[in-house]
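A quick write-up on the structure given underneath.
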Amino acid sequence: QLQLVESGGGLVQPGGSLRLSCAASGFTLGFTLDGYAIGWFRQAPGKEREGVSCMSSSGDSTDYADSVKGRFTISRDNAKNTVYLQMNSLKPEDTAVYYCAAGHICSDYVADFSSWGQGTQVAVSS
């Protein structure tokens with residue numbers, strides 16, 4: 001069973017930066033990280049989980065929510081079985097628990113991703 005573990009969250013001032021990591025392990029026999037689309041989602045208190053970014057399994061396609069476009073960058077290192085989310089120019093409204101998830105294709109829908117990490121807290125405040 002595929003396991004995903006997020007790290008890199010924390011408290012940062014507005015305008016600051018953080019890089020989140022998503023480490024994958026426990027692949028099904030014959031699969032590696034390059035066989036999965038990886039999405040980043042976030043959930044703020046009292047809000048539904050929303051898609052932030054996603055990278056296709058091939059790495060040829062990336063998607064970003066309008067709210068983070070130009071500020072966040074998704075990347076992957078298949079050799080390290082790790083996906084990253086570089087977050088720059090952070091705003092208070094970026095405060096949320098951030099999750100990475102694996103699926104067959106990129107999607108904005110939570111149900112389309114079969115494996116999820118436990119989440120990492122990002123707080124943007126002065």
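Hydrogens, waters and symmetry mates are skipped; everything else that's a heavy atom, side chains included, is used.
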If you apply the rule side chain to side chain contact (heavy atoms under 4.5 Å, CB included), what do you find for Val122 with Arg42, and how did you get there?
CA-CA 9 Å; Val122 172; Arg42 67 186 182 186; over 6 Å; no
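- Atom CD of Glu93 has more than 12 neighbouring heavy atoms from other residues, nucleotides or ligands inside a 6.0 Å radius.
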Could you go through Thr95 and Gln121, starting from their C-alpha distance and side-chain angles, then the distance that decides it, and tell me whether this counts as side chain to side chain contact (heavy atoms under 4.5 Å, CB included)?
CA-CA 8 Å; Thr95 296; Gln121 176 71 57; 4.1 Å; yes
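- For the pair Ser21 and Thr82, the tightest heavy-atom approach, listed with the atom from each and the gap, is CB-CG2, 4.2 Å.
- To the nearest 0.5 Å, the span separating OG on Ser57 from OH on Tyr36 amounts to 11.0 Å.
- Residue Asp34 holds its CG atom at 11.5 Å from CG of Asp77, rounded to the nearest 0.5 Å.
- Taking every heavy atom of both residues into account, Ser107 and Cys54 meet most closely at N-SG, 4.4 Å.
- In this structure, the separation between CD on Gln86 and CD1 on Ile74 is 12.5 Å, given to the nearest 0.5 Å.
- Closest non-hydrogen pair, Leu20 versus Gly9, comes out as CD2-N, 3.6 Å.
- The SG atom of Cys106 sits 5.5 Å away from the CG atom of Asp63 when rounded to the nearest 0.5 Å.
- Tyr98 and Val12 fall within the same hydrophobic cluster, where Ile, Leu, Val, Met, Phe, Trp and Tyr residues are linked whenever their side-chain heavy atoms come under 4.5 Å apart, directly or through other members.
- Considering CG of Leu2 and OG of Ser114, their distance stands at 7.0 Å, rounded to 0.5 Å.
- Residues Asn88 and Ser17 share a closest heavy-atom pair of OD1-OG, 2.9 Å.
- Side chain of Gln13 to backbone of Ser126: no donor-acceptor contact under 3.5 angstrom is found.
- Salt bridge status for Lys91 with Asp94: absent, with no side-chain N to carboxylate O gap under 4.0 Å.
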Test side chain to side chain contact (heavy atoms under 4.5 Å, CB included) on Ser7 and Thr120 and set out the steps.
CA-CA 6 Å; Ser7 62; Thr120 185; 5.7 Å; no
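- Put simply, the side chain of Ser56 gets close to the backbone of Ser61: a donor and an acceptor are under 3.5 Å apart.
- Between the side chain of Ser115 and the backbone N or O of Gln3 there is no donor-acceptor pair closer than 3.5 Å.
- Residue Met55 holds its CE atom at 10.5 Å from CG of Leu85, rounded to the nearest 0.5 Å.
- The same ILVMFWY cluster, assembled from side-chain heavy atoms under 4.5 Å apart, contains both Val52 and Leu90.
- Here Ile105 is tied to no hydrophobic group at all, with no ILVMFWY side chain closer than 4.5 Å.
- Residues passing the ring pair (Phe, Tyr, Trp, His ring centres under 6.0 Å) test with Phe113, sequence neighbours excluded: Phe41.
- Evaluation of the ring-ring contact (aromatic ring centres under 6.0 Å, His included) test over residues 43-88, restricted to residues two or more places apart or in two chains, returns none.
- Under a 3.5 Å cut-off, the side chain of Arg49 and the backbone N or O of Tyr99 do not form any donor-acceptor pair.
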Report the C-alpha separation of Leu33 and Ile38 in whole Å, then their side-chain angles, then the decisive distance to 0.1 Å, and conclude whether the side chain to side chain contact (heavy atoms under 4.5 Å, CB included) test is met.
CA-CA 9 Å; Leu33 183 61; Ile38 302 295; 4.0 Å; yes
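- A donor-acceptor distance shorter than 3.5 angstrom exists from the side chain of Gln118 to the backbone of Glu6, with no hydrogens or angles considered.
- Proximity of a side-chain donor or acceptor of Gln43 to a complementary backbone N or O of Ala96 within less than 3.5 Å is not detected.
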